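Numbering starts at 1 and runs along the sequence shown. These numbers were taken from a predicted model, which means no experiment stands behind them.
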Amino acid sequence: MAMNISPTGWNATYKPWRTEPVTGWDDLGYPLIVEPSSGKLIPAHDLDEHQFCGLERTETPIVGVLPGAGWTIQWGDDTSDPVIGFAVQADGTTRPLLAELGGHAEPYYRDESESAQLRGPGQAP
């Protein structure tokens, strides 16, 4: 199953359970989706055989990656991890990418309870 990525950061939700990415809004402000079988742009509330329930906010998609180039995250216990890159999201925000076990990279989202600091190249702890 392909992942539905919303360029607007919003999904239309339906019963029976289904979500479709909102691709834009019409002149009156109603959400528009791409009708899956025809590929035509339609109002979200017009999807056949599904009851429109509303909209939900989605995470902004990652549209690019920049190199980590010497950046690190300094943890509260005086250990640090290298930032292997920065994920650039569609809204322009960036998130540091940390290496996970198994060779995967995951964007880092700071928890309010953590005392972690992002440090630039050559920046002392």
Side-chain angles (χ1 to χ4, degrees):
M1 175 185 238
M3 183 169 73
N4 289 334
I5 296 177
S6 173
T8 63
W10 292 92
N11 279 337
T13 59
Y14 299 92
K15 287 181 185 175
W17 188 87
R18 179 182 189 141
T19 62
E20 291 292 332
V22 172
T23 59
W25 285 266
D26 68 12
D27 292 339
L28 298 175
Y30 292 105
L32 300 171
I33 64 166
V34 175
E35 202 281 323
S37 59
S38 70
K40 292 181 181 178
L41 202 57
I42 64 168
H45 61 276
D46 286 351
L47 185 62
D48 288 341
E49 301 177 18
H50 289 82
Q51 176 188 352
F52 178 71
C53 296
L55 299 175
E56 64 182 9
R57 195 85 166 112
T58 64
E59 187 172 313
T60 307
I62 294 172
V63 296
V65 177
L66 300 171
W71 286 78
T72 60
I73 290 189
Q74 181 77 36
W75 304 107
D77 62 1
D78 291 329
T79 62
S80 64
D81 285 316
V83 173
I84 61 173
F86 290 92
V88 181
Q89 296 176 288
D91 64 0
T93 60
T94 59
R95 301 270 180 210
L97 294 170
L98 301 178
E100 298 289 329
L101 293 176
H104 299 283
E106 290 290 330
Y108 170 68
Y109 294 90
R110 184 170 184 230
D111 185 323
E112 294 296 322
S113 65
E114 290 179 322
S115 61
Q117 293 184 340
L118 188 60
R119 303 229 182 246
Q123 191 176 4

Smallest separation among heavy atoms of [X] and [Y], with atom names:
X	Y	answer
I73	A116	CG2-CB, 3.9 Å
Q123	G120	OE1-N, 2.8 Å
T72	P82	CG2-CA, 4.2 Å
P121	A69	CG-O, 3.2 Å

Could you see if V63 belongs to whatever hydrophobic cluster contains L97? Use Ile, Leu, Val, Met, Phe, Trp, Tyr and a side-chain cutoff under 4.5 Å. no
Check: Should Y108 and F86 be counted in the same cluster of Ile, Leu, Val, Met, Phe, Trp and Tyr side chains packed under 4.5 Å apart?
Finding: yes
Nearest 0.5 Å, what's the [atom1]-[atom2] distance between [X] and [Y]?
X	Y	atom1	atom2	result
T8	D91	OG1	CG	12.0 Å
Q74	T79	CD	OG1	7.0 Å
T94	L118	OG1	CG	8.5 Å

ask   = Are any of the side-chain heavy atoms of V83 and L98 separated by less than 4.5 Å?
value = yes
Ignoring hydrogens and geometry, is there a side-chain-to-backbone donor-acceptor pair from T58 to G9 under 3.5 Å?
yes
Paired with T13, the side chain to side chain contact (heavy atoms under 4.5 Å, CB included) test is passed by just one of R18, E56, Q51, namely E56
The remaining residues in the hydrophobic cluster of V22, counting side-chain heavy-atom contacts under 4.5 Å among Ile, Leu, Val, Met, Phe, Trp and Tyr, are W10, Y14, W25, I33, I42, L47, F52, L55
Connected to V34, directly or through other members, by ILVMFWY side-chain contacts below 4.5 Å are L32, L41
> Between the side chains of S37 and E35, is a donor N or O closer than 3.5 angstrom to an acceptor N or O?
Replying inline: yes
